[in-house]
Number of protein chains: 2
Amino acid sequence: MKLDARKLKILQAIINDYIITAEPVGSRTVAKKYDLGVSSATIRNEMSDLEEMGYLEQPHTSAGRVPSDKAYRLYVDKLMKVRRLNDQEAEYIKELYQNKIMQLEQVIFQTAKVLSEITNYTSIALAPQLSKVTIRHIQLVPVDMDFALLVVVTSSGILKDTLIRIPEGMDNEFLNKISNILNDKFQGKTFSEIDLKDLSAVREAFKENQKFFNSLVDVLTSSFHVSQEKEVFMGGTTNIFKLPEYQDILRARAFLNLMEEKDLLYHILASSQNNGVKVSIGTENTHEELRDYSIVTATYSLGDRILGTIGVIGPTRMEYSRAVSVMDHMGKALSNYLTKLYGK
Amino acid sequence: MKLDARKLKILQAIINDYIITAEPVGSRTVAKKYDLGVSSATIRNEMSDLEEMGYLEQPHTSAGRVPSDKAYRLYVDKLMKVRRLNDQEAEYIKELYQNKIMQLEQVIFQTAKVLSEITNYTSIALAPQLSKVTIRHIQLVPVDMDFALLVVVTSSGILKDTLIRIPEGMDNEFLNKISNILNDKFQGKTFSEIDLKDLSAVREAFKENQKFFNSLVDVLTSSFHVSQEKEVFMGGTTNIFKLPEYQDILRARAFLNLMEEKDLLYHILASSQNNGVKVSIGTENTHEELRDYSIVTATYSLGDRILGTIGVIGPTRMEYSRAVSVMDHMGKALSNYLTKLYGK
DNA sequence: GTTAGCACTCTCCTTTATCGAGTGCTAAAA
DNA sequence: TTTTAGCACTCGATAAAGGAGAGTGCTAAC
């Protein structure tokens, strides 16, 4: 059976309608609302064909039909017209990145927030992954008699710092000396390459301050490494309540529980590392838990290095044209902003 | 009418039962489950009295009775036995604050998380309020040819920093000079006291680097001031789904929407500044939106200065004894931790 | 003052009936 | 051969009706 022009038109009509209404679409609806010049009976026959071909599904015998994941895939790849952002949306995004000096994590957080506001879906965003980034500069800065700030600047301009207690009577000179040692040892390495075995030489330089040495290493390996790494930012988690299919408490709950699975979300975002926008529809997702959802992601970068991923998640009945255009725009805007601010 | 010993016993039984089951409690239930040595008819009479006195309410004629806010207040003040934490809970809290060097905000975030895990309610926590805190030390630290780190240490040991772009060719000496000027001008002041009018003298010192001056001031006033100020951390937002009264989608939604009102939550937390644990029950809350919820808060401090507030929010049918003991314990543990780490 | 007994109320759950949207099939029309 | 009108049939959704059960308040006896 061939997917001729009329079948395509009908399919498109059904997808459009279902995306808007969330109700199974019947042949009469298509005949009336979309002017195809044929009767509902003809459309009925075509729909039957489309179902046989795997593009449509029937929730039950006496209901209309619903697009399958395969149909959405076709829609995304071939049928949909990519929508441009309207002025208001573009303006909103522009404003976000204008004139503001933010900590990198704040930027990502705000991006997620705006993303969810514009799309009305739930947004997820991955902060830059430290494991991919090398250490450019380490500096211990005294702030106080008791505390110093351990500052690490990375190759991508990302900065990480932690307050750290210093032993009594330790002077600036010693701090500088340590900074130099750390730089010698770690410059150009990634955080994950900081190897405990490597450190015996460094340890000696600390002489009687072994405790200080330990806490320094602790901070460098654990604090910078694990906890920050899997940070997933989210926005608009409760947006799903606006959608009719989540008026069911069990579904809503399932979704919200999913959103608490930070590890899972992290893997989803981390796995899409191809430059640009990517759409994963329902069963296309490798993760079992996601087979009822679609995810649209985009990467963001600093210069030509991909730093992380942002995305929106929603029902497979997603406004793909809208989502794709917003993600595309946003990914680029964020990259621009970062490059302008942190690039050299 | 007097609230005699038997009435109290009956009231206590009803409250206990309702807290556990979330079902209106009938006279027969009280007679059977709680051994009071009288028949259900007697209890029925007493319950009628208790309703007249305002301690009980009836959802409808043929239902059992439900404690009123007044009853909960009595319960919290007089009736409940304050429960001690069990070993597992105490251990969990202890572990949280052990051996970890965290950014202050991370500490608060983790505290909120643990709080929600232990209580099974939604937790909210207020980060230390910068407006209350004075500036101890400002330092511009060069990290790079293009960037410096603006570090501000506050009187409470809290540290704030932001990466800031520096003009080309600006050397360390000049940065130090600026740091000194900023210190001269702002040491001992709060962030809200940073007055733009004051700055004309400082501005001159920057000579041709007016743009740099502007961004510095921008960061000091806006970035440190507004955005961080109202930061409310939350944990376990979806815990309410475990409670039977939130199986109703409208209620669940109302609650989640409430949790998105960061400003409101901020005010609630900021308003409870009396040292120690505070319980607000239903209509006792000044905010209209909260009249169906109860909130248990505790303050945390550094030394003897109150820094912020943590709390849990749930239905008025809350396990107060549990919540109060956890909040009490947690507030103190957090204060201890902070004092040990940042106090001098 | 306490309690057994009982009529009465009201929600909740189940059953039954009805409605209507939508389908698939057939046979006639184009 | 394709399209269409007509029609019987299916099945979910909604409403109405009918208990069942929990709980109350009142009365009268203990």
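Quick note on labels: first sequence line is chain A, next is B, and so on, each numbered from 1. Side chains are part of it too, since the values below use all heavy atoms of this structure and drop only hydrogens, waters and symmetry mates.
- Counting to the nearest Å, the P atom of D/dT24 and the CD atom of B/E52 are 16 Å from each other.
- In this structure, B/R251 places its CZ atom where only 12 or fewer heavy-atom neighbours from other residues, nucleotides or ligands lie under 6.0 Å away.
- Residue B/Y246 comes nearest to B/A252 through the heavy atom pair O-CB, 3.7 Å, listed as atom of the first residue, atom of the second, then distance.
- Between the C1' atom of C/dG20 and the CZ atom of A/R28 lies a distance of 11 Å, rounded to the nearest Å.
- A/F233 and A/F109 have perpendicular rings, their planes meeting at more than 60° on a 0 to 90° scale where under 30° would count as parallel.
- Contact annotation for A/R65: backbone-only contact, meaning every heavy-atom pair under 4.0 Å involves sugar-phosphate atoms and none involves a base.
- A salt bridge between A/E284 and A/K278 is absent, with no side-chain N of the basic residue lying under 4.0 Å from a carboxylate O of the acidic one.
- The distance between atom CD1 of B/I10 and atom C1' of D/dG23, rounded to the nearest whole Å, is 16 Å.
- Contact record, B/T61 with B/Q58: O-NE2, 2.9 Å, taken as the closest heavy-atom pair.
- Atom CD1 of B/I43 and atom P of C/dG1 are 17 Å apart (whole Å).
- Spacing between atom CE of B/M47 and atom P of D/dC26 amounts to 15 Å, rounded to whole angstrom units.
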Counting primed atoms, P, OP1 and OP2 as sugar-phosphate and everything else as base, the B/S/- map of nucleotides 4-22 of chain D against protein heavy atoms under 4.0 Å is BBB---BBS---------B
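- Taking all atoms of both residues into account, the shortest heavy-atom contact from B/N239 to B/S116 is ND2-O, 3.2 Å.
- Residue B/Q58 contributes atom CD, which lies 14 Å from atom P of C/dT9 at whole-angstrom precision.
- For B/L56 and D/dT24, the CG to P distance is 10 Å, given to the nearest whole Å.
- Rounded to a whole Å, the CD atom of B/E46 is 13 Å from the P atom of D/dG25.
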